[in-house]
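Here's the structure we're looking at; comments come further down.
Just so you know, ligand 1 is whichever comes first in the structure, and atom 1 is the first atom listed for that ligand. What you are looking at is a predicted structure, and each value in this text was computed from that prediction instead of being measured.
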Amino acid sequence: MSKPFFITTAIDYTNGAPHIGHAYEKILADVLARYHRLRGEEVYFLTGVDQHGQKVQQSAEKHGIPPQEFVDGLTSKFSDLWAKLGIRYDGWATTTAPSHKHCVGQILTRLHQAGQLYKSKQGGHYSVRQEQFLTDKERNDQGEFGPEWGEVEFREEENYYFKLAEHRDWLLDLLDRRPDFVLPTFRRAELRHAVEKMTGDLCVSRPKSRLAWGIEFPFDPEFVTYVWFDALVNYLSFAPGFNPIAPEHSPQFTLRWPPLQIIGKDILIPAHGVYWPIMLKALGFDVDQMPSLLVHGWWNIAGSKMSKSLGNTVNPDALADRYGAEALRHYLISDISTGKDADFSEERLVMRYNTDLANCLGNLLNRTLSMSAKYRLGSVTAPHGLRESVANYSPEASPVTSSVLDQIIDRAFRMKTICHSYQTEMEHFAVAQALAYAHSIATLGNELVDLAAPWKLAKDPSQSATLDATLYHLADSLRVIAILISPVMPNAAHGIFDQLQWNLQTTQKESRFQWNEINWGGLPDGHTLGQPSPLFPRIDTTPSDS
Ligand code: MSP
């Protein structure tokens with residue numbers, strides 16, 4: 001049996017409402033999770049929210065409510081949105097959960113006992129906004145701490161430190177030995193560069209006198225845990241079967257670990273690329289048990305960073321209300337290349353919907369069902385010998401002619417290659433490219449309609465088999481397309497199957513879509529298709545008079 005697919009995302013800070021960047025990351029993870037379930041694999045998808053830290057404490061104070069009440073309100077905004085966007089996760093990490101706090105405490109105790117944590121008094125410049133002490137590295141060209149650090153003050157404090165520097169060579173070795181530790185490759189190179197210059201240890205405590213909203217140190221209740229150290233532990237504390245005392249002894253845990261971890265480019269260095277592997281190493285994990293970090297790019301607005309302070313954040317909830325969750329999923333997956341940045345634009349969302357879904361896929365579905373109903377009372381027939389011709393076809397041996405039957409055989413053959421390319425792209429997390437392959441089958445289908453002109457074939461009894469073959473191929477292509485798009489647009493995929501009257505016994509169940517059914521020719525002779533109904537009504541973009 002293959003290892004279950006364990007996937008995590010970053011957990012989102014609950015000091016503001018979710019924006020389009022948060023939504024993208026969850027959708028990307030959901031698409032990969034659904035793809036692996038489609039392949040018949042067992043999947044565990046963990047996501048959640050990051051609820052502690054100074055910023056949260058300050059925001060709660062501003063609102064005049066206790067921090068727990070403040071984060072509970074925001075947490076439901078995230079979980080409600082994920083439900084609306086069809087994000088199907090298995091584990092929900094909330095860092096104020098007692099089980100998580102207990103686990104963080106046990107991990108701190110373990111690291112303390114192992115000599116990986118020490119107490120020390122240090123003074124320096126402290127950024128209130130970033131909740132960290134600053135070094136000269138953080139000064140800009142003018143020798144100042146730039147506005148990104150907010151208010152900077154001098155502080156002297158006793159704190160707990162986690163040993164980082166002594167693990168530097170081990171981390172460099174990890175980067176060499178595990179090329180898949182950070183993807184894409186250019187991010188690994190950035191991380192390597194940062195590790196080479198790395199000095200100092202990580203302050204992992206905050207005196208309770210100035211930050212109360214955190215997880216208390218079990219062996220020193222005057223301190224709470226630094227929010228990043230607390231948050232990173234979620235990947236372990238919410239992993240099924242994790243035992244902080246002896247992780248290696250839980251078969252339920254080791255069955256799934258290590259995960260594929262999806263994070264944005266801003267939190268690779270230092271949090272996930274430096275602190276996290278060193279924390280794991282200090283807990284006894286070896287090189288092979290390090291996760292893979294899939295680092296995605298950012299959605300920007302007209303080339304600039306989206307931020308609450310600039311007031312240019314995009315609200316995914318409103319977009320889902322306006323265009324539907326699946327239109328949003330389709331846009332966020334198809335208009336960005338995994339790892340790269342992209343510009344968010346509502347016009348492009350509408351344009352992609354109208355082009356890919358309304359004009360191409362929706363049109364193919366509508367035409368296929370209408371013509372089948374009109375010319376064949378909805379019943380499909382693969383003409384005698386067609387399946388054998390497709391099975392024995394080799395494009396090298398038989399150059400394709402313009403005959404409709406030859407074109408169908410060639411297209412049926414190409415579908416196999418397209419599905420293979422889709423699979424390769426998905427395995428490399430290139431979801432936009434994979435989805436483009438699925439849509440290319442719809443383009444081929446529409447081209448075939450124009451080429452075959454079924455309305456002409458229907459008038460000529462001698463073309464009856466060609467008409468059958470055309471309608472059969474189109475309906476079967478739609479069946480395959482539905483399977484391929486199901487990770488991105490599960491509801492649309494169900495809609496296609498419903499209209500094809502296919503796999504009705506598993507209606508609305510994800511198991512309705514199976515990878516082993518992507519081969520051409522799955523619809524049996526005599527299968528009756530349903531009535532067409534518009535799945536992707538065009539979004540009207542003409543400005544209204546008012
Ligand atoms: N709470 C930390 C992560 C802790 S993980 C142990 C955090 N939260 S966040 O809310 O600021 O960001 C959550 C995720 O959203 C991160 O992976 C971040 O990179 C991603 N994004 C935030 N803004 C983004 C865009 N504009 N575009 C795409 N993703 C972005 O960091």
Ion pair present between E196 and R168, side-chain N to carboxylate O less than 4.0 angstrom?
no

A student checking ligand 1 against M306 at a 4.0 Å heavy-atom cut-off should list atoms 26 (N)

Mark up the atoms of ligand 1 that fall under 4.0 Å of a heavy atom belonging to A231, in ascending order.
6 (C)

Any nitrogen or oxygen of I267, main chain or side chain, under 3.5 Å from a nitrogen or oxygen of ligand 1?
no

For atom 2 (C) of ligand 1, closest protein heavy-atom neighbour
I11 O, 3.4 Å

Of all the heavy-atom pairs spanning P244 and R110, show the shortest one and how long it is.
O-NH1, 2.7 Å

Near D266, which atoms of ligand 1 are under 4.0 Å from a heavy atom of that residue?
18 (C), 19 (O)

So is W299 polar-close to ligand 1, meaning N/O to N/O under 3.5 Å?
yes

What residue and heavy atom of the protein are closest to atom 29 (N) of ligand 1, and at what distance?
H296 CE1, 3.2 Å

Below 4.0 Å from any atom of ligand 1, is there a heavy atom belonging to H19?
yes

Taking distance alone, with no angle check, do N234 and ligand 1 share an N/O pair under 3.5 Å?
no

Among non-hydrogen protein atoms, atom 16 (C) of ligand 1 lies closest to E25 OE1, 3.5 Å

Quick check: Y235 and ligand 1, any N/O pair under 3.5 Å apart?
no

To check your reading of the model: name the closest protein heavy atom to atom 15 (O) of ligand 1, its residue, and the distance in Å.
H22 CD2, 3.6 Å

Is a salt bridge present between D317 and K84, judged by a nitrogen-to-oxygen distance below 4.0 Å?
yes

Cationic tip of K55 within the cone over Y13's six-membered ring, i.e. under 6.0 Å and within 45° of the normal?
yes

Could you tell me, atom by atom, which parts of ligand 1 come under 4.0 Å of a heavy atom of D50?
1 (N), 2 (C), 4 (C)

For the OH atom on Y44, are there more than 12 heavy atoms of other groups (residues, nucleotides or ligands in this structure) within a distance under 6.0 Å?
yes

Could a heavy atom of W228 be found less than 4.0 Å from some atom of ligand 1?
yes

Ion pair present between K265 and E190, side-chain N to carboxylate O less than 4.0 angstrom?
no

Determine whether the side chain, the backbone, both or neither of D12 has a heavy atom under 4.0 Å from any heavy atom of ligand 1.
both

Between R155 and E153 (salt bridge meaning N to carboxylate O under 4.0 Å), is one present in this structure?
yes

K281 charged N/C atom sitting above W170 aromatic ring, 6.0 Å / 45°:
yes

Please list the nearest protein heavy atom to atom 11 (O) of ligand 1 with its residue and the distance rounded to 0.1 Å.
Y13 CD1, 3.4 Å

Atoms of ligand 1 less than 4.0 Å from G264 heavy atoms?
17 (O), 19 (O)

Does E156 come within less than 4.0 Å of K121, counting only side-chain N to carboxylate O?
no

Touching ligand 1 at all, G16? Heavy atoms, strictly under 4.0 Å?
no

Purely on distance, is any nitrogen or oxygen of H272 under 3.5 Å from one on ligand 1?
no

If we count only N and O atoms by modelled type, under 3.5 Å, do the side chains of E157 and Y126 hold a donor and an acceptor together?
no

In this structure, are over 12 heavy atoms from other groups packed under 6.0 Å from Q68 atom CD?
yes

Starting from atom 30 (C) of ligand 1, which protein heavy atom do you reach first, and at what distance in Å?
W298 NE1, 3.6 Å

Could you check whether H19 and T313, counting side-chain N and O atoms only, form a donor-acceptor pair closer than 3.5 Å?
no

Taking R329 for its side chain and P487 for its backbone only, find out whether a donor-acceptor pair lies under 3.5 Å.
yes

State the atoms of ligand 1, each with its element, that fall below the 4.0 Å cut-off from a heavy-atom position in G297.
28 (C)

So for ligand 1, is L232 a polar contact partner (N or O within less than 3.5 Å, distance only)?
no

